[in-house]
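A short worksheet on the structure shown next.
As a basis for the values below, the full set of heavy atoms in this structure was taken, side chains included, without hydrogen atoms, waters or symmetry mates. Each chain gets a letter, A, B and so on, in the order its sequence line appears, and its residues count up from 1. Being a predicted model, the structure only gives us computed values, none of them experimental.
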Amino acid sequence: MPELPEVEIVKRSLSKIANKAKIIDIKIKNKNLRYKIPKFFKKKLLNHNILRVSRRSKYIIFHFKNKFLLLHLGMTGKLLFFKKKYTTIFKTSFYHDLNILPKHNHIFFILSNNLTLVYNDVRRFGFFKIYENKKLNEISFLSKLGVEPLNKKINYKYFKKIIKNRKKNIKNILMDQTLICGLGNIYVSEALFLAKINPLRLSYSLKNREIKNIIKNIKLILKLSIAKGGSSIKDFKNTFGKNGKFQQYFNVYGRNNKNCSRTSCTGEIKKILISNRSSFYCSSCQK
DNA sequence: AGGCATGTTACAGG
DNA sequence: ACCTGTAACATGCC
């Protein structure tokens, strides 16, 4: 899925473009996403103004008067803006350059600003949920999340606390959304490379200096990726169908058998499985 | 043909 | 309670 930087990119353009727009129509072509779109979905959102759009971890939140629309993009979910009316969006030719197939367009939000926001999701692991008269922290998906990595609360003290007494490797710690949220398989590998830490290192064995280094590089890598528009491996597109550029800057992700990019290192990038997910690291400079 | 894919959840078992 | 591994979800690409 899109990880934190990709979701942040989507959220930023939504904030600019969908902000203050009214939803004037909704077309549901396929309601079978990860959770089935309920019958009242359209009725609850119709003629409501999008007051603002925010992000929490990998979730996008549309704020309406007295209600929220929560969106998770799963692995392949995309939100795309089109200037055309939804009926013309079905034309295959329209998608040629974008490599987006119309058959995966599941939901159309027709907005008052003459734009149509299309939810496209190949694998349909993404989902929408509507919450009425609730506070954000009453939404179970959000309340169980840990701290945002770009938040100042992610500091040495917090890290020390969460790794204490935990017999878990550092990769799985960073992947655990209830401890620190928004990181996924790409950015964990990349951050640990920058910090020169082996992903299998047990968290309690990390020296204070190493902990500080990990925190610093998590924040660094996320900010860099956001600045480059996120990473597009296969699926990620921003709301205009454009790829991010950060994949060009990967040091380890998907680079197994290649030479370590550190000029001072002659090691080779290895790929191993940790909790059944691919993990990439340099066996020479990541200790 | 089989394995793999930016994610999350449920379950079994240690 | 914590941790790991496995499978599931659905589709496409090597």
Review point. If you draw the axis of the six-membered ring of A:Phe193, does the NZ or CZ of A:Arg262 fall within 45° of it and under 6.0 Å from the ring centre?
Key: yes
Taking [atom1] from [X] and [atom2] from [N], how many angstroms apart are they, rounded to a whole number?
X	N	atom1	atom2	result
A:Gln177	B:dT9	CD	C1'	13 Å
A:Leu70	B:dT8	CG	P	12 Å
A:Glu6	B:dA5	CD	P	16 Å
A:Phe280	B:dA5	CZ	P	7 Å
A:Asp121	B:dG7	CG	P	14 Å
A:Glu3	B:dA5	CD	C1'	12 Å
A:Ile60	B:dG7	CD1	P	15 Å
A:Leu73	B:dG7	CG	C1'	11 Å

Point to revise | side chain to side chain contact (heavy atoms under 4.5 Å, CB included) involving A:Ile233 - partner list, sequence neighbours excluded | key: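 Counting only residues at least two positions away or on another chain, A:Ile233 forms a side chain to side chain contact (heavy atoms under 4.5 Å, CB included) with A:Ile186, A:Phe250, A:Tyr253.
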Exercise for review: Assign a letter to each nucleotide of nucleotides 4-11 of chain C from its 5' end: B, base within under 4.0 Å of a protein heavy atom; S, sugar-phosphate only; -, no contact.
Suggested key: SSB--BBB
Check your understanding: A:Arg166 has a side chain; which of B:dG7, C:dG12, C:dC3 sits nearest to it?
Key ->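 Closest nucleotide among those given: C:dC3.
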Exercise for review: If the plane angle is over 60° it's perpendicular, under 30° parallel, otherwise tilted; pick one for A:Tyr119 and A:His106.
Suggested key: tilted
Check your understanding: Want to know the stems of DNA chain B: at least 3 consecutive Watson-Crick or G-U pairs with distances under 3.5 Å, which are they?
Key ->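 The stems that DNA chain B takes part in, listed by first number, are B:2-5 with C:11-14, B:7-14 with C:2-9.
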Exercise for review: Indicate yes or no for a side-chain donor-acceptor contact from A:Glu8 to the backbone of A:Arg55 under 3.5 Å, with no hydrogens or angles considered.
Suggested key: no
Review point. Who are the side chain to side chain donor-acceptor pair (under 3.5 Å) partners of A:Arg201, not counting sequence neighbours?
Key: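 Per chain and number, A:Arg201 pairs via side chain to side chain donor-acceptor pair (under 3.5 Å) with A:Ser205, A:Glu210.
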**Study point:** Listed partners of A:Asn198 passing side chain to side chain donor-acceptor pair (under 3.5 Å), at least two apart
**Key:**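 So A:Asn198 forms no side chain to side chain donor-acceptor pair (under 3.5 Å) with any residue.
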Exercise for review: Apply the ring-ring contact (aromatic ring centres under 6.0 Å, His included) test between A:Tyr35 and each candidate in A:Phe41, A:Phe128, A:Phe125, A:Phe127; give the one that qualifies.
Suggested key: A:Phe127
Review point. For A:Lys234 and A:Asp176, take the nucleotide of DNA chain C holding the closest heavy atom to each; which residue's nucleotide lies nearer the 5' end?
Key: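 With A:Lys234 and A:Asp176 compared, the 5'-side residue is A:Asp176.
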Point to revise | Residue list, salt bridge (Lys or Arg N to Asp or Glu O under 4.0 Å) with A:Lys270, at least two apart or on another chain | key: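 A:Lys270 satisfies salt bridge (Lys or Arg N to Asp or Glu O under 4.0 Å) with A:Glu268 only.
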Please work out if [X] contacts a base, only the sugar-phosphate, or nothing of the nucleic acid, heavy-atom cut-off 4.0 Å.
X	result
A:Lys144	sugar-phosphate
A:Phe246	nothing
A:Tyr187	nothing

Practice item. Please determine, by modelled atom types, if A:Lys271 and A:Asn257 share a side-chain donor-acceptor pair under 3.5 angstrom. Key: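 No donor-acceptor contact under 3.5 Å links the two side chains.
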